[in-house]
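The structure appears below as structure tokens.
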Amino acid sequence: MKTHRTPSSPAALALLLLATTLSCGPSVRGAEPARASVDARVEELLGQMTLEEKAGQLNQLSVGSLTGPARIVTNGEELVRGGRVGSLFNAVTARETNDYQKMAIDGSRLHVPILFGLDVIHGFRTVFPIPLGLSASWDPDLVERTARWAAIEASSQGIRWTFSPMVDIARDPRWGRIAEGAGEDPYLGAAFARAYVRGYQGARLDDPSSIIACAKHYVGYGAAEGGRDYNTTEISERTLRGVYLPPFHAAVDAGAGTLMSAFNSLDGVPSSANAFTLTQVLKHEWGFRGFVVSDWTSIREIMLHGIANDEATAARKSFLAGVDMDMQSNLYLPFLPDLVRSGLVPMDRLDDAVRRVLRLKVSLGLFERPYVEVPADSNPADLPESRALALRAAEESFVLLENRRVGRAPLLPLSPARGLKLALIGPMADGAEDMLGSWSGQGESRDVVTLRRALAERAKHDGMRLSFARGTDVSGHSSVGFAEAVEAARGAEVVVLALGESGKSSGEASSRSRLDLPGNQQELLEAVTGTGKPVVLVVFSGRPLALPWASEHVPAILMAWFPGLQAGPALVETLFGDSDPSGRLTVSVPRSVGQVPIYYNSLNTGRPRIDPIGLGSTKADPYYVTGYLDETSTPLYPFGHGLSYTAFSYSPVHVSTAEISAASLNAGKDSLTVSAEIRNTGTREGTETAQLYVRIRGTSVARPVKELKGFQRVRLAPGDSRRVEFKLGRDELSFWNINMEDAVEAGSLYVWVAPDCEQGQPAKVEIVQ
Ligand code: BGC
């Protein structure tokens, strides 16, 4: 038996990382080794398989359910030995994966290796910020590097498939899984989808450190009614194609090997039995050659949805609709062979699904290298490179929401003066477990450096005086700790208040009906702020929280999400200005739950209160306009918002032409160049994210009031300026028109470059026939 040699020492792992990071530029995509030879190998195997062996390749079981209490089969190991399991997930160590692999290879007739999967969502052992936080970096290259790192760590344990990225567009912060995605925008979502795929899959799939990506949850899962997880969705085809599908399409174009079908029903058809999305769009229109795995028991769940009355029908409907692999329903293995024998499922469809699975197994090199060398017992999260990347990722994820003057200067950054009296207050200040967020994989709280620990070290180093009071618990209702907290605040010159949600209040099955601070944290906030001491509020959460009181009364607010292992050091560097906050919101922050859903790229109404970019003023009676009687319609903080410690100015936007033809845009023969000059007008070095927005009017269907179509991070020294340039071509300007064709139409195009979605002066370009 051949075993593959994976670097086992930390140093070797670091070297491998360095090499692969360097070779993994933005243009690299997961490539399959020579397609013809892969296909020949697959056909040879397929030709030898019995119906049961074929169904086996489409059967995926969680390792826990083979042996543990959640058992859905009683003979799991026997099934593995019999070639009746194509994939296992939730095995996390090399020993486990090797053991199961040996059962499959030595035990089964055709020696087909198992593909091991796992939810490696924002890191394996080295935990990075939650995906929503990572997206706030607006830095796909950074995300690619975190995904690459996660792939290296996971693959060293034999895991060659991750159920990530989650590319669901989320417009509702009540939905807990908003934490796992890249926010509300399809353009940004597509950019991050590509970055994750590149990072996980690397330059070549047969590189032992490459793991297959899985874009999930296909599709519409983020549009769950009421924000309640797993709930029904109603999405028009135009919105589906224009908003929810683009990140999936981008993942497929970047070479994603797999997709996961979702739990939700879409227009009455469960996503895990939806032939339109799974077969017509994904496999036919996009030419997807990978395979679709169901979500956990989602095939069985179509019976509860009400479109199958028995198990055989559930298996048949999902399979015919296009779900290739059954995660945990245990329906394909027992039912597919007979469904084929009875003619209810064509053999061609079975062969097609098995081919898709085998193709990836061959492409990964699993037949040549089914095993991994058991890595040394060291902790990869301890590597200096792991820490550096986790630190960088956390710093880039922070969004400075407020930074008002206290005295003559903005409160942040703090100057670490000798003798400065600091109070650190709040239940999140030392919450190591919380910093990991949801789906933190193999992350361990003992690897986390909390804000309390990092601030104490910094205070000691710089001779500052730090006091600490917890104040209350995350969901606590007792105010016993308030007095101590208020006393600590009174005795300090500056207060850092760490509040938020627990790490597990977002993620799967963790929807909330409220968007406030849990427990009595709001009261603690008011008590501490009431001391009159300057307060820096650091908010930890997996979703935007609606904090209008804080926004009005607290001078500095830093949105920290769940920053991962290096939470503390990254926050301390940011608070003291060693790092400039450069994150920008990828979701709108509402003022109250009643505003939800609230997202920046909405359609206009015939009765807007005010036109979002100052076009077409309404003649309506001001009473009869869209909105609320008791709340404004604008978010508390808009999409794209984020302050810096320095300031930037934008020149008027420049467009390369005042007129362009739709025909030449559609033919891909012409494009428009848009540029603006960004200047650092402040006194510190800083990073700005220039955002390009467009709006088009006069088209066959209404288009959003603004849409992001480009962005660029620019790092500038004080006084320096740089011109950012964007190209707008067919990909950026087309949309699903009245005939449900993706095309550029004639109309008046407005384009502008701005620091967030609420600023900027548009320039006009006529798109003529
Ligand atoms: C989740 C998926 C996840 C799967 C496997 C499901 O409950 O919805 O996102 O990948 O479990 O753990």
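Every number for a ligand or one of its atoms is a count from 1 in the order of the listing. Predicted model only: the values in this text are computed from it and were never measured.
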- Item | Distance-only N or O hit between ligand 1 and Arg177, under 3.5 Å | yes

- May I ask you to decide if Ser265's main-chain N or O and Ser271's side chain share a donor-acceptor pair within less than 3.5 Å? no

- Message: Side chain or backbone, does Glu508 bring an N or O within less than 3.5 Å of an N or O on ligand 1?
- Response: yes

- Query: Which of the numbered atoms in ligand 1 are below 4.0 angstrom from a heavy atom of His217?
  - Reply: 2 (C), 8 (O), 9 (O)

- Task: Return the residue, atom name and 0.1 Å-rounded distance of the protein heavy atom closest to atom 12 (O) of ligand 1.
- Result: Asp119 OD2, 2.5 Å

- Under a 4.0 Å N-O cut-off, is there an ion pair linking Glu78 with Arg84? no

- Task: Say whether Trp439, considering both its backbone and side-chain N or O atoms, lies within less than 3.5 Å of an N or O atom on ligand 1.
- Result: no

- Task: Please could you name the atoms of ligand 1 that Phe163 approaches to less than 4.0 Å, counting only its heavy atoms?
- Result: 10 (O)

- Look at the side chain of Gln201 and the backbone N and O of Gly255, then say whether any donor-acceptor pair between them is shorter than 3.5 Å. yes

- Message: Just so I know, are the side chains of Trp561 and Pro129 near enough to count as touching, which here means a heavy-atom distance under 4.5 Å?
- Response: no

- Should the pair Lys216 and Trp296 be classed as cation-pi, given the thresholds of under 6.0 Å to the six-membered ring centre and 45° from the axis? no

- Just heavy atoms, cut-off under 4.0 Å: does Met166 contact ligand 1 by side chain, backbone, both, or neither? neither

- Which of these, Asp295, Val120, Leu118, has its nearest heavy atom closest to atom 2 (C) of ligand 1? Asp295

- Item | Atom CG of Asn309 with >12 non-hydrogen neighbours under 6.0 angstrom | no

- Message: Taking distance alone, with N or O pairs closer than 3.5 Å, would you say Glu180 contacts ligand 1?
- Response: no

- Message: Using side-chain heavy atoms (C-beta onward) and a distance below 4.5 Å, is Phe248 in contact with Asp168?
- Response: yes

- Query: Which atoms of ligand 1 sit under 4.0 Å from any heavy atom of Lys216?
  - Reply: 2 (C), 3 (C), 9 (O), 10 (O)

